[in-house]
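Taking it in order: structure first as C-alpha cells, then the write-up.
To find a chain, count down the sequence lines: A is the first, B the second, and so on, and within it residues start at 1. What you see below is based on every heavy atom in this structure, not just the backbone, and it leaves out hydrogens, waters and symmetry mates.
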2 protein chains.
Amino acid sequence: MADSHTSPVDPPRGQRADAQRNYERILAVARTVVDEQGTQASLRDIARRAGVGLGTLYRHFPTRDALLEALLRQGFDRLAADADTLAHRRDAGEALTEWLRDLTRGSTAFRGLPASMLATLADAESPLHTSCLAMREAAARLLERAQAVGDIRPDIDGTDLFALINAVGWVSEQAPPLADRRERLFGLVMDALKPSAQVRSGPGVAPSG
Amino acid sequence: MADSHTSPVDPPRGQRADAQRNYERILAVARTVVDEQGTQASLRDIARRAGVGLGTLYRHFPTRDALLEALLRQGFDRLAADADTLAHRRDAGEALTEWLRDLTRGSTAFRGLPASMLATLADAESPLHTSCLAMREAAARLLERAQAVGDIRPDIDGTDLFALINAVGWVSEQAPPLADRRERLFGLVMDALKPSAQVRSGPGVAPSG
DNA sequence: ACCTGAACACCGTTCAAGT
DNA sequence: ACCTGAACACCGTTCAAGT
C-alpha cells in the first residue's frame, strides 16, 4: 500500500511551475469557499479569491464535479480503506453500521454534497461517478456479510444504502431543526434495515388482503 | 364546508380586470413551466410566456414561494381534508400509511418540491410555511391514533414523518434509477416506523455496552 | 392601481489574444 | 503550455416612468 504519494491532492506532475501552483491555490481556496457556500459555490468567486483567471480554473477543473472530486478524493479513499478493514470485524452488522455512519459524515462534509453524490447515478461521465460507485460497492460488500449472518434484511442492496444515507444527510441540511434530528433519523433508517422490521411482503408492495 | 369558492385558485377579488386576468395567466403558465423545470423554474421565463412584464409577476407573487403556494393550495387543502376523513378509519395504521402515500404524491408534484417544503421549517415567513405546518399537524393527528393502537413506535412525531416523506420524494427525483425505487423506499421507511423495528434504545442513540 | 422594462448585480461557459 | 479576461447568454430583484 506504500504508493508514491507526495501530495494529499495529487496535482498532475510534470506541469509547468505556474500551473502546479495555480492548481494548488485553486484547490485550497475551493475548500474554503465550498465549505462556506456548499457544492453550488460560485466558481467565479473561487477563481477570484484564488487570484487566477476564470479560464484557469476551467482549465484545471473542466466541470464543477471535477473540482469536487479533487476536494473529496482523500475522504473517499479513506472510506474505501475503512470498508476493507471493517470487512474483517467479527460483528458484521456492527461493522456495516459503523461504516455507514462514516459515510454519513463524509457525504455531509459540504452542504449540497448528498445531492451531488446521488446525481452521479444518472451521470456516468461525472468525475464523481467512479468514486460513488466505489462507495456503493463497499456498502454492498459489508452489506452482504451482514445479510449472511441475518443482521440485515435480504431485500436491500448497496444502492439502497447509498440512497438512504444521502437522504438522511440531505434532510439534515435542509433546516436547523432537522439537523438536530440527524442521528435519530440515521438510527431510524438503520432500524428499517433489520429483518425484524421486514413485515408485509418483501419489497414494499403491500398485499391487498 | 360549502364556502364561497368561485375559482380553483382564489384570485383576490375586487381587483382591476387587467390585474385579475394577469394573475390568472401567470398562474396557468407557472403551472406549465414549474411542471417542466421544477420549483427553481425561471421566473423570467414564466413572465415572458405569460406575456406580462417581470414586475407584474413580482407584484402578484412577491416571492417564489408565494407563487408555489398558489400552485399548491388546492392540493394542500385536499390533503388536509383527506386527513380528517381518514381519522375516522377503523385501522389507524392503515389510515396513516394511506395518507402518507398521498402526501408523497403531493410533495413530488413538482421536481424540487420536497426541498421547497422542508425549507419552510427554517423560514416562518414563507407563504408555504403555514401549509406545511398544517401537513405536519395532520400527520401528527393520524400518527397519534396509530401510536395509541400500537401500530407505530412511540418515539416519532409529525415532523419526523414530514421529513422522511420528503426525503423519499427527494431521493426519487435525483436520478431515474432511484425513481424506480420510490415505492420500495417508501415501504422501507414505513417499516421503520413499526414497533417491531424499534430495537436498541429509543431515539437512535446506541448504548455502548 | 397597475403595468412595463431598463438597470443592477450577479451567474456559468467559451474562447481569442496574449506570454 | 498555460493564463487572462472580455464576451455571451442567462439569472433574480428593484424601481422610475408610464397609463
Side-chain angles (χ1 to χ4, degrees), chain A residues 11-30 32-34 36-71 110-112 115-116 119 123 125-128, chain B residues 11-30 32-34 36-71 110-112 115-116 119 123 125-128:
Chain A
R13 247 74 56 96
Q15 288 182 136
R16 248 167 49 178
D18 56 346
Q20 179 145 352
R21 197 180 42 215
N22 282 336
Y23 180 94
E24 276 156 12
R25 284 174 67 94
I26 291 168
L27 215 48
V29 169
T32 302
V33 177
V34 171
E36 289 171 9
Q37 306 179 11
T39 60
Q40 296 310 307
S42 162
L43 300 178
R44 247 193 170 80
D45 200 22
I46 293 172
R48 209 152 33 206
R49 286 161 70 166
V52 303
L54 195 42
T56 302
L57 187 147
Y58 274 92
R59 158 168 272 263
H60 288 291
F61 306 101
T63 66
R64 167 172 253 112
D65 275 8
L67 181 55
L68 280 180
E69 200 272 338
L71 286 179
F110 302 121
R111 191 159 32 93
S116 298
D123 178 14
E125 309 313 311
S126 164
L128 283 175
Chain B
R13 247 76 53 98
Q15 287 181 137
R16 250 166 49 176
D18 56 346
Q20 179 145 352
R21 198 180 41 215
N22 282 336
Y23 181 94
E24 276 155 13
R25 284 175 66 94
I26 291 168
L27 214 46
V29 169
T32 303
V33 178
V34 171
E36 289 171 10
Q37 307 180 10
T39 60
Q40 297 310 306
S42 162
L43 300 178
R44 246 193 170 80
D45 200 23
I46 293 172
R48 209 153 33 208
R49 287 162 69 166
V52 303
L54 195 42
T56 303
L57 187 147
Y58 274 93
R59 157 168 274 264
H60 288 291
F61 305 102
T63 66
R64 167 172 253 112
D65 275 8
L67 180 56
L68 281 180
E69 200 271 339
L71 286 180
F110 302 121
R111 191 160 33 94
S116 298
D123 179 14
E125 308 313 313
S126 165
L128 283 175

DNA chain C base-pair string [pairs: Watson-Crick or G-U under 3.5 Å; |: paired with another strand]: ||.|||||...|||||.||

Minimum heavy-atom distance B/A70-B/F61, with the two atoms named: CB-CE2, 3.8 Å

DNA chain C: 5'-most and 3'-most nucleotides touching chain B, 4.0 angstrom heavy-atom criterion: C/dA1 to C/dA7

Sub-4.5 Å side-chain heavy-atom contact between A/S126 and A/T63: no

Closest contact, heavy atoms only, B/S116 versus B/L128: O-CD1, 4.3 Å

Within residues 53-61 of chain A, residues whose heavy atoms come under 4.0 Å of DNA chain C: A/L54, A/G55, A/Y58

Short side-chain to backbone donor-acceptor contact, B/R49 and B/A30, under 3.5 Å: no

Distance-minimising heavy-atom pair for A/L27 and A/L67: CD1-CD1, 3.8 Å

Of residues 37-49 of chain B, the positions that come close to DNA chain C - non-hydrogen atoms, cut-off under 4.0 Å: B/R44

Stepwise side chain to side chain contact (heavy atoms under 4.5 Å, CB included) test for A/D45 and A/Q37: CA-CA 10 Å; A/D45 200 22; A/Q37 306 179 11; 2.9 Å; yes

Comparing B/R64 and B/R16 on DNA chain D - which has the more 5′ nearest nucleotide: B/R64

Side chain to side chain donor-acceptor pair (under 3.5 Å) partners of A/D18, counting only residues at least two apart: A/R16

Shortest non-hydrogen contact from B/V29 toward B/I46: CG1-O, 3.7 Å

Qualifying salt bridge (charged side-chain N to carboxylate O under 4.0 Å, His left out) pairs, either residue in residues 54-65 of chain B, two or more places apart: none

Heavy-atom closest contact (A/Q15 atom, A/Q20 atom, distance): NE2-CA, 3.3 Å

Closest non-hydrogen atom pair, A/A47 against A/G53: CB-O, 4.1 Å

Test item: A/N22 and A/L57 side chains (from C-beta on) under 4.5 Å apart, heavy atoms: no

